[in-house]
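Numbers restart at 1 for each chain; the letters A, B, ... are given by sequence-line order, proteins then strands.
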Protein chains: 2
Amino acid sequence: MSDDDSLFVKSLAKAFQLLEAFEKSGDGGRLTHKDMKQLTGLDASTVQRMSHTLVKLGYLERGQNRTYVLGKKFLHFTFEYLRHSQTIQRASPILMDLQNETGERVDLSLFEDVEIVYALRRQSKRETFFATLTGRRVPSFAASGGRVVMSHLPRDVVEDIIDRSALVPQSPKTVTSRTEILAEIDRARELGYALCIEQMLIGEIVLASAIFDERNTPIGAVHIAGSLSDWDADSFCRKHAPLAISAARMISNRS
Amino acid sequence: MSDDDSLFVKSLAKAFQLLEAFEKSGDGGRLTHKDMKQLTGLDASTVQRMSHTLVKLGYLERGQNRTYVLGKKFLHFTFEYLRHSQTIQRASPILMDLQNETGERVDLSLFEDVEIVYALRRQSKRETFFATLTGRRVPSFAASGGRVVMSHLPRDVVEDIIDRSALVPQSPKTVTSRTEILAEIDRARELGYALCIEQMLIGEIVLASAIFDERNTPIGAVHIAGSLSDWDADSFCRKHAPLAISAARMISNRS
DNA sequence: TTTTTTATATTGTAATGCGATATAACTTAT
DNA sequence: ATAAGTTATATCGCATTACAATATAAAAAA
């Protein structure tokens, strides 16, 4: 990955490897030197130097009992990313209107290969707190946004993504069979939107329509998420699919 | 800052210096090598190596015309930060209720010395898009959240913060005189909340109450923001101050 | 307490990141 | 169009920096 690449700065890669280890941290997002060493496989001295430097730079903070946590300084980069993204700029007012019109939770997700990341979120009711945060990632194969994006990609690319995905159930009802997932993606292609019933969470119904960049590459999706206690699948789609599709089209920057 | 510190990894500092330069980027958040060199003062080869490495790691993405933009991968860290923060965990449902109860915009900000960062936000109506994003920073001296946090800090610490702040007006009505700012902070201490009228934005009235950690250090604030077309200062405070104070108290983790 | 584990400080050394330079690719001016 | 100028990418020898081993100190565990 980085061998015989004389421009590749290995120490930087190690630092980010260490930072990424905080995603695998169990309770409280706290890691000790020992934890970092175990999670990354880095040398103890490297862990020492990197954590020391990152604290000085403000990207790690020291917690109690010789632990480290991610620094709040990372919020800065997220802000700069979102603020300058043309897609986010266009999506922001559109999602706001969509949320007011539907009363349901609406999200904008960005496609990242085997995962999607939620970038903008308009929540309607109380939910598992972290499930509604910006930056949350979920597997593409199980999320409506992931499926609808894949429905606009070439078959071989899609199969490659599925093959590289860990097909771990996200809810008791998650479809994890390769062929069934591919069939769901085909269905999304026909409909122009993906529908996920209880794929991520029991009781949840989500519908998503894809967003495209100027080269007509699908880059993300608009989601509308409701509750099965309020809707049956048919009426949910009838009401919301046209809205999601039109919102996604407005956000898209197609040539 | 880093001299004769044998544990300090300079190349890492350079990489973050480069990443931080994207905050100063003008249009579109795009930077060329030349821009990075100018903004950071780093050697051209260093810029080349760092940008190259950051692209490989996914923390920079290549834009059109040899430009670079921040990678969406930074959203991951923000998610991990927010998800593991005890303050955020407690605040999330409380802010949701507060927003439903008031119908106004409510925010949770975190204190970062001369600035505050917005961490959680519940928007009510359309606003200047980026003003309502997570990660937005504003000067402590002009924000209600900053002022109310400072009202719980020792006088000399507050004066030091003000002295290190660039007292640049954020709206035509921003108070920028040292003594007036200190007076506003004193007033906040008496009231138990800070009130800012058109300090950041014309037509906006904001009220904030401080949040404390287990050591009784003020670490952030709950904001309620309304419009002067809907409220006069008195009734805004009468209705919202008790709500903000009680929300802040519930979020706090005082001993 | 003692023992063991984990964190921090120190140091000599080699590999890595450095910066100069060369080449290539793009812009701008003529 | 072509040339001149600018900016990006590739290459390379060298010094510095990051490295890993180790010593000391501080917490945990026994």
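Regarding contacts with the backbone of C:dA20, every side-chain N or O of B:S45 stays at 4.0 angstrom or more from both OP1 and OP2. At the phosphate of C:dA7, OP1 or OP2 sits under 4.0 Å from a side-chain N or O atom of A:T32. For A:R62, no side-chain nitrogen or oxygen approaches OP1 or OP2 of C:dA7 to under 4.0 Å. Between A:H33 and C:dT8, a side-chain N or O to OP1/OP2 separation shorter than 4.0 Å is present. Under 4.0 angstrom from either OP1 or OP2 of C:dG17 there lies at least one side-chain N or O belonging to A:S11.
A:K14 comes within 4.0 angstrom of the backbone, heavy atoms only, and of no base. When heavy atoms are screened at a 4.0 angstrom cut-off, B:M36 is found touching no nucleic acid atom at all.
In this structure, the nucleotide among C:dT16, D:dA18, C:dT8 sitting nearest to the side chain of A:Q48 is C:dT8. For B:R66, counting side-chain heavy atoms from C-beta on, the closest listed nucleotide (C:dA25, C:dT21, C:dT27) is C:dA25. Considering only side-chain atoms of A:K34, the nucleotide from C:dT11, C:dT8, C:dT6 that sits closest is C:dT6. The side chain of B:D43 lies closest to C:dG19, out of D:dA21, C:dG19, C:dT10. Counting only heavy atoms from C-beta on, B:V9 has its side chain closest to D:dA18 among C:dA7, D:dA18, D:dT9. For A:K10, whose side chain is taken as the heavy atoms from C-beta onward, the closest listed nucleotide among D:dT11, C:dG17, C:dT11 is C:dG17. When the nucleotides C:dA7, D:dA10, D:dA18 are ranked by their closest atom to the side chain of A:L7, D:dA10 comes out on top.
One atom, CD of B:Q64, and another, C1' of D:dT7, lie 18 Å apart when rounded to the nearest Å. Here D:dA8 presents its C1' atom at 14 Å from CD of B:Q38, a figure rounded to the nearest Å. Rounded to an integer number of Å, the gap from NE2 of B:H52 to C1' of D:dA10 is 11 Å. The interatomic distance linking B:F8 (CZ) with C:dT10 (C1') rounds to 19 Å, in whole Å. Counting to the nearest Å, the P atom of C:dT6 and the NZ atom of A:K37 are 10 Å from each other. In this structure, A:N65 atom CG and C:dT5 atom C1' are separated by 15 Å, rounded to whole Å. Counting to the nearest Å, the C1' atom of D:dT17 and the CE atom of B:M50 are 11 Å from each other. In this structure, CG of A:D5 is placed 13 Å from C1' of D:dT11, rounded to the nearest angstrom.
Within the 4.5 Å cutoff, the side chain of A:I211 has heavy atoms near those of the A:I219 side chain.
Residues forming a ring pair (Phe, Tyr, Trp, His ring centres under 6.0 Å) with B:F79 (at least two apart in sequence, or on another chain): none.
The aromatic rings of A:H33 and A:Y68 sit parallel, their planes meeting at an angle under 30°, below the 60° perpendicular limit.
Remark: A:L31 CG to A:Q38 CD distance equals 10.5 Å, nearest 0.5 Å.
Annotation: cation-pi geometry not satisfied between B:R136 and B:Y118 (NZ/CZ under 6.0 angstrom from ring centroid, within 45° of ring axis).
Salt-bridge check for B:E61 with B:K72: passed, with a basic side-chain N closer than 4.0 Å to an acidic carboxylate O.
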